[in-house]
Undergrad: 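The structure that follows is given in the form of structure tokens.
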Amino acid sequence: CLFAIVSGFGLGAIGALIEVHDAAIRIIGGFVMLAFAIALWRPAPHLEPARPPAVRQRLALLGFWMAATNPATLLFFIGSFSAIGFVGLGHANAMERANAALLVLGVLFGSMLLWGVVTRIAQQLRGHVTDRHLHILNHATAVMLALFGLGAAIAGAAAF
């Protein structure tokens, strides 16, 4: 939702900034993704009982921070909005602000729906997933992150 706000209200300014620094953003984002891949590959996951509320809140903030600092997510939103050709978004007049607000609300409710479905699936799988399943999932995710990270870094280096 944060990226929808940035994209909806400041698409032109953000697009110009990214265009100027595209290669560096790709390289840095690629290395950040590689670091996450390494961090995900290394630990042996273990299912634990429910955590206390303070720990869950800290983990939720960490998840938000990871998503908010992911340049790939911002590039996805800006690229998607640009490709679709949204016009009339921004802050120049009341109509542009209303359109941008509707876009942000759409992304917010879409995200809420997605996470509601994901949470429901996780509840259904609880008790059926073993440590071995988590190990396989972590390694598969780490490989995908590493491949995307390498691709981003290589694309950024080629653009220099």
Side-chain angles (χ1 to χ4, degrees), residues 1-11 13-15 17-18 25-26 28-91 96-153:
C1 188
L2 177 66
F3 289 127
I5 293 169
V6 171
S7 298
F9 286 101
L11 191 58
I14 299 288
L17 181 68
I18 288 176
I25 290 171
R26 286 179 188 223
I28 292 168
F31 282 115
V32 168
M33 289 174 72
L34 285 171
F36 278 127
I38 291 167
L40 191 58
W41 183 275
R42 295 173 85 181
H46 178 67
L47 292 170
E48 299 175 2
R51 295 185 171 140
V55 174
R56 288 195 308 258
Q57 289 172 350
R58 194 176 74 227
L59 290 173
L61 287 174
L62 177 63
F64 171 78
W65 182 250
M66 286 173 48
T69 59
N70 184 351
T73 305
L74 180 59
L75 292 173
F76 168 78
F77 267 95
I78 291 171
S80 297
F81 291 170
S82 297
I84 292 171
F86 284 111
V87 293
L89 295 176
H91 50 78
E96 286 187 2
R97 287 189 296 274
N99 289 342
L102 286 173
L103 175 75
V104 170
L105 286 173
V107 169
L108 173 67
F109 288 122
S111 297
M112 290 172 59
L113 177 63
L114 169 70
W115 283 108
V117 170
V118 168
T119 302
R120 182 69 177 150
I121 290 170
Q123 287 174 339
Q124 294 297 317
L125 291 176
R126 175 167 265 174
H128 300 290
V129 177
T130 66
D131 288 347
R132 179 76 181 139
H133 292 123
L134 289 179
H135 182 75
I136 292 168
L137 182 62
N138 273 15
H139 281 183
T141 304
V143 167
M144 294 303 295
L145 274 174
L147 289 174
F148 284 122
L150 282 172

Undergrad: I need the Arg26 CZ to Met33 CE distance, nearest 0.5 Å.
TA: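 Rounded to the nearest 0.5 Å, the CZ-CE separation comes out at 12.0 Å.
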Undergrad: Please list all pairs meeting ring-ring contact (aromatic ring centres under 6.0 Å, His included) that have one or both residues in residues 111-140, counting only residues at least two apart or in different chains.
TA: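 Checked against ring-ring contact (aromatic ring centres under 6.0 Å, His included) - neighbours excluded - the pairs reaching residues 111-140 are Trp41-His139, His135-His139.
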Undergrad: On a heavy-atom basis, which atom in Ala152 and which in Gly30 lie closest, and how many Å separate them?
TA: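 Minimum heavy-atom contact is CB-CA, 3.9 Å.
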Undergrad: Which residues pass the side chain to side chain contact (heavy atoms under 4.5 Å, CB included) test with Leu40, sequence neighbours left out?
TA: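 Checked Leu40 against side chain to side chain contact (heavy atoms under 4.5 Å, CB included); matches are Asn138, Thr141, Ala142, Leu145.
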Undergrad: For Leu61, which residues count as a side chain to side chain contact (heavy atoms under 4.5 Å, CB included) partner, sequence neighbours excluded?
TA: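 Applying side chain to side chain contact (heavy atoms under 4.5 Å, CB included) to Leu61 gives none.
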Undergrad: Between atom CZ of Phe109 and atom CG of Leu114, what is the distance when rounded to the nearest 0.5 Å?
TA: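 Between Phe109 CZ and Leu114 CG, I get 15.0 Å after rounding to 0.5 Å.
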Undergrad: Just verifying a value: how many Å separate Gln123 CD and Leu125 CG, rounded to the nearest 0.5 Å?
TA: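 One gets 10.5 Å once the value is rounded to the nearest 0.5 Å.
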Undergrad: Could you work out, with side chain to side chain contact (heavy atoms under 4.5 Å, CB included) as the rule, every residue matching Gln124, not counting sequence neighbours?
TA: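 For Gln124, the residues satisfying side chain to side chain contact (heavy atoms under 4.5 Å, CB included) (neighbours in sequence not counted) are Arg120.
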Undergrad: Residues two or more places apart in sequence or in another chain: which of them pass side chain to side chain contact (heavy atoms under 4.5 Å, CB included) with Arg42?
TA: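 So Arg42 forms a side chain to side chain contact (heavy atoms under 4.5 Å, CB included) with Ile38.
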